[in-house]
Amino acid sequence: MIPDKPGLEGLEAKWDAVWEETAIYRFAEGQPRSEVFSIDTPPPTVSGSLHVGHVFSYTHTDIIARHRRMSGKAVFYPMGWDDNGLPTERRVQNYYGVSCDPSLPYDPGGNPGSATGTESDSTTDTKSGSVSGTGPAGGKPEKQTASKAGSKQSSKSDAQPPVKVSRPNFIKLCEELTASDEQAFEQLFRHIGLSVDWTRTYTTIDSHCRRVSQLAFLENLRRGEAYQIEAPTLWDVTFQTAVAQAELDDREKPGAYHKLRFRGDGLSSGNGDSDRDGLSSGDGDIWIDTTRPELVPSCVALVAHPDDARYRPRFGSTVRSPVFDVEVPVLAHPAADPEKGTGIAMICTFGDTTDITWWRELNLPTRTVIDRDGRFAVEPPEVIKSQAGRAAYARLAGKTAAAARREIAAVFAETGDLEGEPRPITHPVKFFEKGDKPLEIVASRQWYIRNGGRDDALRQALIDRGTQMHWIPGYMRARYENWIAGLNGDWLISRQRYFGVPIPLWYRLNEAGSPVWDDPLQPDASTLPVDPSVDCPPGYSETQRDRPGGFTGDPDVMDTWATSSLTPQIATGWRSDEALHESTFPMDLRPQAHDIIRTWLFSTVVRAHFDADTVPWRNCALSGWILDPDRKKMAKSVGNVQVPTGLLESYGADAMRYWAACGRPGTDTAFDEQQFRIGRRLAVKLLNASKFALRFDNPGEAEVTEILDRSMLRRLADLVDDTGAALESFDYARALERTESFFWAFTDDYLELVKARAYGEQGEAASQSARQTLRIALEVLQQLFAPFMPFVTEEVWSWWHSGSVHVSAWPQGDRLRALAGDVTAQPSEVAAAVLSAVRRAKSEAKRPLRAEVQCATVTDTAERLAVLQAVTDDVKAAGRINELITAEGSEFSVKVELAPEQT
RNA sequence: GGGCGCGUAGCUCAGAUGGUUUAGAGCGCUUCCCUUACAAGGAAGAAGCCGGGGGUUCGAGUCCCUCCGCGCCCA
């Protein structure tokens with residue numbers, strides 16, 4: 001049963017198979033809510049390869065799950081894969097060499113992507129070895145795959161131009177690619193021993209999730225929490241989609257102030273063409289500084305602070321824009337910063353988010369120049385009438401913003417409207433977090449869900465929700481509150497993309513063929529999920545699609561967070577399995593990383609607030625990041641990612657979990673391979689200590705009689721209480737640290753002290769006590785380690801138990817304390833102190849530990865000497881001490897006389 | 001600029017509500033030991049003005065103030 005030379009190799013595969021077969025992690029349905037511990041596992045994005053960061057945080061959750069399971073809870077621990085959204089689209093584009101063209105009809109026969117050859121095109125820069133068959137788990141430590149490639153999709157590709165495929169075909173490819181990834185992810189998660197109920201998995205694009213997502217949206221719509229509006233929208237020109245506030249990144253970018261002249265020729269405030277003869281007159285001119293001179297044709301006003309004496313006389317008057325010669329008013333608004341540039345700014349539609357504020361609050365017209373592809377529209381705004389202005393605009397038409405900027409600077413320089421050279425500065429520019437071109441702002445019709453960004457009562461209600469959850473660590477709640485406090489708009493959920501959950505609506509077309517936006521056609525709930533681009537609204541037929549008097553489908557999909565925010569509803573069977581939902585929702589635990597509090601955590605609270613008038617979970621545990629040795633966040637885009645597979649092979653899953661468990665909740669942890677070695681050593685030690693303790697005959701019902709044994713059990717009782725409390729409060733790192741430190745002391749001291757006695761050197765009764773205690777302690781230690789190192793503990797448990805350690809009952813401190821009776825921790829402490837002193841003496845004398853001690857003199861207080869008396873036989877045996885003399889004194893010391901070296 | 005966190009041995013970190021006399025662990029380093037549980041191991045040792053300064057207290061790494069440095073989130 002117990003191998004001669006126990007090892008760790010092969011334990012993962014062996015026990016994973018057994019656990020699968022015995023189904024010990026399967027959720028036991030039908031339990032009352034109080035007996036259930038439900039976990040809202042955040043579905044990892046499957047579009048990239050797994051790295052050690054995933055192992056890190058998912059292990060933390062698993063430790064808690066395993067502890068709750070051993071504590072008697074029915075643990076509800078499903079797993080999802082987040083596969084909808086842009087990351088997948090980008091990878092599909094690169095991997096298959098395709099791009100989506102929604103205007104194409106579905107091609108049911110061919111799979112264009114597969115046909116055009118996967119491997120050939122993927123050479124661009126995804127060496128997509130990681131996504132084929134063996135999956136990301138087998139991936140090499142590649143850096144920068146999709147993130148870079150995706151953004152370069154159209155230009156610069158030296159390979160073939162992408163093959164255009166229909167939206168349904170494109171989605172098929174997305175599903176194909178993610179399916180193989182998901183398998184690989186599951187394999188890796190099994191390999192590291194996550195005790196997930198693998199019969200309960202979902203993917204955020206599957207039909208269940210689409211249904212929940214659409215149903216929840218329709219409910220939001222019905223209750224007035226979702227609405228659509230035509231408004232200026234942050235827009236990514238690369239992906240050509242709207243993005244939400246939560247997806248913004250500010251990046252410091254170089255730019256340049258251009259000092260431009262607006263003419264204040266109060267006289268010529270009328271007709272446009274000819275009166276530019278006052279070129280040199282300059283008294284009424286106003287100079288503004290701007291980093292975006294190309295937006296002058298979209299300028300609708302100038303604005304300065306109301307208290308700014310320099311410009312106060314000009315408020316209410318007008319000036320004319322350089323070259324384009326458009327008359328614009330000079331206005332006052334408190335958001336204008338007198339310290340910036342010349343203290344007066346031009347308002348364009350739209351250069352940045354402040355422009356939106358001004359435009360809205362000052363009730364200004366819209367003069368759009370940049371199209372959704374980020375290029376200047378062919379036609380100038382109507383308001384530009386002068387020939388010179390139209391000619392100048394023609395030089396910008398079709399150009400990107402950056403190119404137009406260079407062009408217009410040249411124009412202004414020619415006309416003398418640009419003073420001096422542009423002055424380089426660096427300033428924060430808003431980017432889509434996944435994009436690499438600055439965001440533009442375009443006016444478009446979009447769907448929103450209210451989130452308190454425009455409603456103080458709702459804002460406060462959501463902040464209050466934060467206080468109804470337990471945050472681990474507690475200070476993370478501040479981030480939640482800060483984010484809500486800083487919201488400046490509702491949650492934009494529509495995206496102009498393809499691989500996502502469609503917005504389940506259609507619009508009537510009037511006789512002119514224009515959509516009637518106000519009263520969307522809704523599907524019957526029983527037909528969900530629907531795809532409005534394929535399905536028809538109730539009462540219509542396909543022949544009426546896109547025909548005047550007919551209907552048109554909403555072309556957009558929902559933000560990936562609009563689905564991800566529903567994982568509690570998705571996982572617990574909301575509106576599909578009410579019994580399950582009742583016993584699992586609100587959920588007990590949401591583990592996640594701290595950087596997505598603003599997105600995932602917050603949006604999930606919003607949905608539960610609306611749908612169920614509750615918080616979605618009782619506890620949220622925020623895990624830290626893995627940092628590389630230089631303390632930079634480990635991320636694919638940085639190229640410093642550690643892939644887990646190699647580490648798993650050399651150190652084993654338990655060692656990797658050990659490393660993960662050492663990272664305290666919420667704390668960023670530097671990756672340190674040394675920790676893997678330590679974890680592995682601990683696992684090996686557990687094998688060997690178990691083997692040792694079990695080598696003696698089973699003492700049956702023998703009683704624990706010896707003082708030393710009872711004293712050790714007393715300390716073990718304290719450990720059990722301590723670790724139990726730590727795990728209850730999600731402090732797995734503390735629990736592990738305590739258990740580990742006890743365990744090493746246990747092997748160093750207790751095992752050595754009782755070794756001789758266990759072998760029978762002090763008679764049968766004393767031996768039985770030792771053997772019994774060894775077994776009791778071993779059993780408890782195996783259980784305490786089980787949540788952390790499930791494989792090795794299951795292995796050693798199996799040497800002497802029939803069931804799984806993972807469904808055994810968590811140890812009780814009281815039982816151990818009862819065995820200890822009135823014996824305190826002191827005897828084992830005194831014995832260990834003497835033994836340690838003897839070891840030190842031998843080590844300092846450079847003698848082996850088995851060297852005999854002629855005579856050891858222990859000086860200590862009378863009280864402790866009396867205690868030592870009770871354990872003296874064990875101490876003498878362990879230290880190989882021939883004669884042990886005691887002497888009273890206030891200071892503890894041990895004088896060691898070694899026996900002469902034998903020759 | 002606002003918020004949050006951090007600064008303890010060469011390195012990575014523990015030190016929960018201030019108090020077991022001379023501040024802990026692991027790694028690394030040095031020395032020793034192939035001991036019948038364990039050599040991909042074991043034992044032992046050296047090593048710290050607990051970021052600086054001020055304060056509260058009988059007593060502070062632990063609380064307060066301030067300064068310096070670092071990181072993150074948000075403007």
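Excluded from the calculations below are hydrogen atoms, water molecules and symmetry mates; all remaining heavy atoms, backbone and side chain alike, are included.
- In this model, the phosphate group of B:G42 is approached by a side-chain N or O of A:Arg681 to a distance below 4.0 Å at OP1 or OP2.
- With a cut-off of 3.5 Å on both pairing distances, the Watson-Crick or G-U wobble partner of B:C4 is B:G71.
- One finds a salt bridge joining A:Glu440 and A:Arg292 here, because a Lys/Arg side-chain nitrogen approaches an Asp/Glu carboxylate oxygen to under 4.0 Å.
- B:U56 and B:G2 have their P atoms separated by 29 Å, with the value rounded to a whole Å.
- The side chain of A:Arg840 places no N or O atom within less than 4.0 Å of a non-bridging phosphate oxygen (OP1 or OP2) of B:A44.
- Salt-bridge check for A:Arg839 with A:Asp749: passed, with a basic side-chain N closer than 4.0 Å to an acidic carboxylate O.
- Taking the P atoms as reference points, B:U57 lies 23 Å from B:G52, given to the whole Å.
- The side chain of A:Asn688 lies closest to B:C38 when the candidates are B:C4, B:U31, B:C38.
- Heavy-atom nearest nucleotides on RNA chain B were determined for A:Arg695 and for A:Gln674, and the one closer to the 5' end corresponds to A:Gln674.
- The nucleotide whose nearest atom lies closest to any side-chain atom of A:Asp250 is, among B:A75, B:A37, B:G3, B:A75.
- In this structure, the ring of A:Phe676 has its center less than 6.0 angstrom from the ring center of A:Phe671.
- Across B:C33, B:C73, B:C74, the shortest atom-to-atom separation from the side chain of A:Arg479 is found for B:C73.
- For the residue pair A:Trp799 and A:Gln782, no side-chain donor N or O sits within less than 3.5 Å of a side-chain acceptor on the partner.
- Of all nucleotides listed (B:A37, B:C74, B:G28), B:C74 comes nearest to the side chain of A:Trp483.
- Remark: B:A9 base-pairs with no nucleotide; criterion is Watson-Crick or G-U wobble with both hydrogen-bond distances under 3.5 Å.
- Contact check of residues 732-745 of chain A against RNA chain B (heavy atom, cut-off under 4.0 Å) returns A:Arg734, A:Glu737, A:Trp744.
- Of the side-chain N and O atoms in A:Tyr750, none sit less than 4.0 angstrom from OP1 or OP2 of B:A37.
- Each of B:G5, B:C38, B:C72 was ranked by its minimum atom distance to the side chain of A:Trp625; first place goes to B:C72.
- Using modelled atom types and a 3.5 Å distance limit, the side chains of A:Arg465 and A:Gln468 yield a donor-acceptor pair.
- Picking from B:A14, B:A43, B:C32 the nucleotide with the shortest atom distance to the side chain of A:Leu849 gives B:A43.
- Heavy atoms of A:Glu752 sit under 4.0 angstrom from at least one base atom.
- Taking atom P on both B:C49 and B:C11, the two are 12 Å apart, rounded to the nearest angstrom.
- Residues A:Lys5 and A:Asn482 each lie close to RNA chain B; by heavy-atom proximity, the contact nearer the 5' end of the strand is made by A:Asn482.
- The ring of A:Tyr658 has its center no closer than 6.0 angstrom to the ring center of A:Tyr651.
- With C1' as the reference atom, B:C50 and B:G18 are 15 Å apart, rounded to whole Å.
- Rounded to whole Å, the C1' atom of B:C74 lies 48 Å from the corresponding atom of B:U21.
- When heavy atoms are screened at a 4.0 angstrom cut-off, A:Lys755 is found touching base atoms of the nucleic acid.
- Contacts of A:Lys846 with the nucleic acid, taken as non-hydrogen atoms under 4.0 Å apart, involve only primed sugar atoms and P, OP1 or OP2.
- Here the side chain of A:Thr667 is nearest to one of B:A14, B:C32, B:C74, namely B:A14.
- Side-chain atoms of A:Gln772 and A:Asp709 form no donor-acceptor pair, as typed in the model, at a separation below 3.5 Å.
- Distances from the side chain of A:Ile678 to the nucleotides B:A44, B:A37, B:C27 place B:C27 closest.
- Remark: A:Arg864 is positioned above the aromatic ring of A:Phe892, its terminal NZ or CZ atom under 6.0 angstrom from the ring centre and at most 45 degrees off the axis.
- A:Asp731 comes within 4.0 angstrom of nothing in the nucleic acid, heavy atoms only.
- Across the strands present, B:G28 finds no partner; the criterion is a Watson-Crick or G-U wobble pair with both atom distances under 3.5 angstrom.
- Side chain of A:Arg850 to backbone of A:Arg880: no donor-acceptor contact under 3.5 angstrom is found.
- In this entry B:U22 has no Watson-Crick or G-U wobble partner, no candidate having both defining distances under 3.5 Å.
- Pair assignment for B:U17: none, as no Watson-Crick or G-U wobble contacts are both less than 3.5 Å.
- Of the candidates B:G28, B:A37, B:U31, the closest approach to any side-chain atom of A:Leu751 belongs to B:A37.
- Set against B:A37, B:C74, B:G42, the side chain of A:Lys691 has B:A37 as its closest nucleotide.
- Pairing of B:C49, defined by two Watson-Crick or G-U wobble distances under 3.5 Å, is not identified with any nucleotide.
- No contact: A:Tyr651 has no heavy atom under 4.0 Å from any strand.
- For the 3.5 Å distance criterion, the side chains of A:Asp464 and A:Gln460 qualify, holding a donor opposite an acceptor.
- Across the strands present, B:C38 finds no partner; the criterion is a Watson-Crick or G-U wobble pair with both atom distances under 3.5 angstrom.
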